Amino acid sequence: MDTTNPAVFVNAELLRLYMGRRVRAVIQVMRSDGSGTVNGRSTDDQQIVVKGNPPGPLTTFVEVIGIADSNQSIRAEIWSNFGDTLDTYSYNRICMLANGDYKHLFI
């Protein structure tokens with residue numbers, strides 16, 4: 001595992017804290033325009049726009065790793081399908097823990 005450039009777990013609220021840095025987020029895909037922009041809902045129920053070229057068809061939930069380029073958008077480098085069901089509450093709690101008291105446990 002490459003730990004030289006870790007991606008911080010974020011939801012939409014936390015994204016603004018990491019502008020220009022590498023982040024990872026799970027979104028529920030709401031709309032894909034086919035030209036490299038995907039509109040999604042973060043695990044904290046806020047909108048995130050993901051820019052990049054997704055690899056083929058996307059499932060309902062997708063994890064993206066990339067650079068936070070605004071307080072509501074990510075320039076994706078890596079896309080991973082997470083399937084059609086996800087416990088968004090639990091994933092959102094992971095984001096909060098990874099940015100709070102347990103930050104030291106996450107890369």
Side-chain angles (χ1 to χ4, degrees):
M1 177 194 297
D2 180 12
T3 59
T4 58
N5 191 15
V8 181
F9 283 88
V10 296
N11 56 25
E13 179 184 349
L14 295 165
L15 184 61
R16 62 183 167 76
L17 301 174
Y18 297 100
M19 302 277 280
R21 292 192 45 205
R22 197 159 195 241
V23 296
R24 73 174 57 224
V26 169
I27 62 164
Q28 180 180 3
V29 175
M30 304 307 289
R31 186 171 61 88
S32 178
D33 69 5
S35 67
T37 300
V38 174
N39 292 335
R41 182 179 303 136
S42 178
T43 56
D44 61 350
D45 241 2
Q46 297 180 45
Q47 181 176 324
I48 291 182
V49 176
V50 182
K51 302 169 189 170
N53 295 314
L58 298 174
T59 58
T60 303
F61 292 95
V62 176
E63 180 185 57
V64 293
I65 299 174
I67 304 300
D69 64 353
S70 83
N71 63 347
Q72 287 188 313
S73 68
I74 298 171
R75 191 172 8 97
E77 300 166 349
I78 300 170
W79 302 73
S80 299
N81 282 325
F82 263 38
D84 294 322
T85 59
L86 181 77
D87 182 353
T88 56
Y89 175 81
S90 294
Y91 188 91
N92 197 56
R93 291 291 303 144
I94 289 171
C95 291
M96 301 308 285
L97 291 170
N99 286 277
D101 292 341
Y102 298 99
K103 193 175 201 173
H104 63 283
L105 295 176
F106 296 86
I107 296 175

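The shown structure was predicted, so the numbers you read here are calculated from the model rather than taken from an experiment. Numbering of residues begins at 1 and proceeds along the displayed sequence.
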Same apolar cluster (I L V M F W Y, side chains within < 4.5 Å links), Val49/Phe61:
no
Heavy-atom count check: over 12 atoms from other residues, nucleotides or ligands less than 6.0 Å from Asp84 CG?
yes
Are Trp79 and Ile48 connected in the hydrophobic side-chain network, where two residues link if heavy atoms are under 4.5 Å apart?
yes
Least distance between heavy atoms, Ile65 atom then Ala7 atom:
CG2-CB, 3.8 Å
Do Thr60 and Thr85 have side chains that get closer than 4.5 Å, going by heavy atoms?
no
Can you give me the closest heavy-atom contact between Ser32 and Val38, atom names plus distance?
OG-CG2, 3.8 Å
Sub-3.5 Å donor-acceptor pair from the side chain of Asn99 to the main-chain atoms of Cys95, do we have one?
yes
Here the pair of heavy atoms bringing Gly40 nearest to Ile27 is CA-CD1, 4.0 Å
Scanning both residues in full, the closest heavy-atom pair of Ser42 with Ala12 reads OG-N, 3.0 Å
hydrophobic_cluster_shared for Val62 and Ile67, side chain cutoff 4.5 Å:
no
Answer yes or no: is there a donor N or O on one side and an acceptor on the other, between the side chain of Asn39 and the main chain of Gln47, under 3.5 Å?
no
In the single-linkage hydrophobic clustering (I, L, V, M, F, W, Y; side-chain heavy atoms under 4.5 Å), do Leu86 and Leu97 co-cluster?
yes
Working to the nearest 0.5 Å, report the span between CZ of Arg24 and OG of Ser80.
8.0 Å
Would you check if there is a donor-acceptor pair between the side chains of Asp69 and Ser73 at a distance under 3.5 Å?
yes
Verify the distance criterion only: is there a donor paired with an acceptor across the side chains of Glu13 and Asn11 at less than 3.5 Å?
no
Can you tell me how far apart OG (Ser70) and CZ (Arg75) are? Round to the nearest 0.5 Å.
10.5 Å
Taking C-beta and beyond as the side chain, do Thr43 and Arg93 meet within less than 4.5 Å on heavy atoms?
no
Should Thr88 and Gln28 be marked as a side chain to side chain contact (heavy atoms under 4.5 Å, CB included) after you check the CA-CA gap, both sets of side-chain angles, and the distance that decides it?
CA-CA 9 Å; Thr88 56; Gln28 180 180 3; 5.9 Å; no
Please verify the inter-ring angle class for Tyr91 with Phe82; under 30° counts as parallel, over 60° as perpendicular, anything in between as tilted.
perpendicular
When you group the ILVMFWY residues by side-chain heavy-atom contacts below 4.5 Å and let the links chain together, are Met96 and Leu17 in the same group?
yes
Are there over 12 heavy-atom neighbours, none belonging to Asp33, within less than 6.0 Å of that residue's CG?
yes
Let me see the working for Gln72 and Gln46 under side chain to side chain contact (heavy atoms under 4.5 Å, CB included), right down to the final yes or no.
CA-CA 9 Å; Gln72 287 188 313; Gln46 297 180 45; 5.6 Å; no
I need the minimum non-hydrogen distance between Leu14 and Tyr18, along with the two atoms involved.
O-CD1, 3.3 Å
Looking only at heavy atoms, what is the nearest atom pair of Leu15 and Asn71, with distance?
CD2-O, 3.8 Å
